[in-house]
**Q** 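Below you will find the structure I want to go over with you.
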Amino acid sequence: MNYSMLAAAFLAASSFQPVFAQAPPRAQAAPQSIYAMSAAGLGSAMTYCMAKHGPLREGSPAARCYARARAILAAADARRHAEQADARCADPATFNACITPEVGRFVFALNAEFTRQAL
C-alpha cells in the first residue's frame, strides 16, 4: 500500500464524528425579558435608596443602602421572574405591552422588600 493513500485514508477517517459522541453542553439562552427585569430592579434600588438617603455617592448612606438593595435584588431572582414573564407573554405581537405589568409587579415586590428590611 502506498503511504500517500494510507495517509489520505487516515485523514478521511479522522474527520468523521464518532457515532456516540456527545454534543457539547449548550448554554441556556437568557429569557427575552431578563434585561427589562434587571434594569427595572437596579433602577428601583437606586431610586429607593436615593429617596431615603440622598445622593448616591461612594461611602454615603445611600451607597450602603444600594449595596444591601442589590443583595435583595440578587435573592429576588430576576431570571426566574423573567422566565415567568416570558411564559405569560409568549405572543411576539404583544410581548412588549405584556411584560410592562410583569416588570411593574417585580418592582413593586422589590420595593416592598426594601421597606420590610428597612433599608
**Q** If Ile, Leu, Val, Met, Phe, Trp and Tyr residues are connected whenever their side-chain heavy atoms lie under 4.5 Å apart, and connections chain through other members, are Met37 and Ile99 in the same group?
**A** no
**Q** If you measure from CE on Met46 to OH on Tyr66, what distance do you get to the nearest 0.5 Å?
**A** 5.5 Å
**Q** Give, for atom CG of Asp86 and atom CD of Glu102, the distance between the pair rounded to the nearest 0.5 Å.
**A** 9.5 Å
**Q** Is the backbone N or O of Gly59 less than 3.5 Å from a side-chain atom of Arg64, with the two atoms forming a donor-acceptor pair by type?
**A** yes
**Q** Where the side chain of Arg68 meets the backbone of Gln117, is there a donor-acceptor pair that is under 3.5 Å apart?
**A** yes
**Q** Passes salt bridge (charged side-chain N to carboxylate O under 4.0 Å, His left out), Arg116 versus Glu113? Steps please.
**A** CA-CA 5 Å; Arg116 191 185 76 69; Glu113 187 61 21; 2.8 Å; yes
**Q** Any side-chain to backbone donor/acceptor pair from Ser33 onto Ala82? Under 3.5 Å, distance only.
**A** yes
**Q** Would you give the length of the straight line joining atom CZ of Arg57 to atom CE of Met50, rounded to the nearest 0.5 angstrom?
**A** 9.0 Å
**Q** Inspect the surroundings of CZ in Phe108 and state if more than 12 heavy atoms from other residues, nucleotides or ligands are less than 6.0 Å away.
**A** no
**Q** How long is the span from the NE2 atom in His81 to the CG atom in Asp77, to the nearest 0.5 Å?
**A** 6.5 Å
**Q** Mind running side chain to side chain contact (heavy atoms under 4.5 Å, CB included) on Phe114 and Cys49 for me, showing each step along the way?
**A** CA-CA 9 Å; Phe114 297 158; Cys49 292; over 6 Å; no
**Q** Taking it one step at a time, do Ser44 and Asn111 satisfy side chain to side chain contact (heavy atoms under 4.5 Å, CB included)?
**A** CA-CA 7 Å; Ser44 176; Asn111 285 332; 2.7 Å; yes
**Q** Write down the atom of Ala40, the atom of Val103, and the distance for their closest heavy-atom approach.
**A** CB-CG1, 3.4 Å
**Q** Under the side chain to side chain contact (heavy atoms under 4.5 Å, CB included) rule, what do Ser60 and His53 come out as? Steps first, then yes or no, please.
**A** CA-CA 8 Å; Ser60 69; His53 302 288; over 6 Å; no
**Q** Measure from the side-chain N and O atoms of Ser38 to the backbone N and O of Ile34, and report whether any donor-acceptor pair falls under 3.5 Å.
**A** yes
**Q** To the nearest 0.5 Å, what is the distance between CD on Gln84 and CZ on Phe106?
**A** 10.5 Å
**Q** For side chain to side chain contact (heavy atoms under 4.5 Å, CB included), just list the numbers for Tyr48 and Leu110, CA-CA rounded to whole Å, side-chain angles, deciding distance to a tenth of an Å, and then say yes or no.
**A** CA-CA 10 Å; Tyr48 180 90; Leu110 284 174; over 6 Å; no
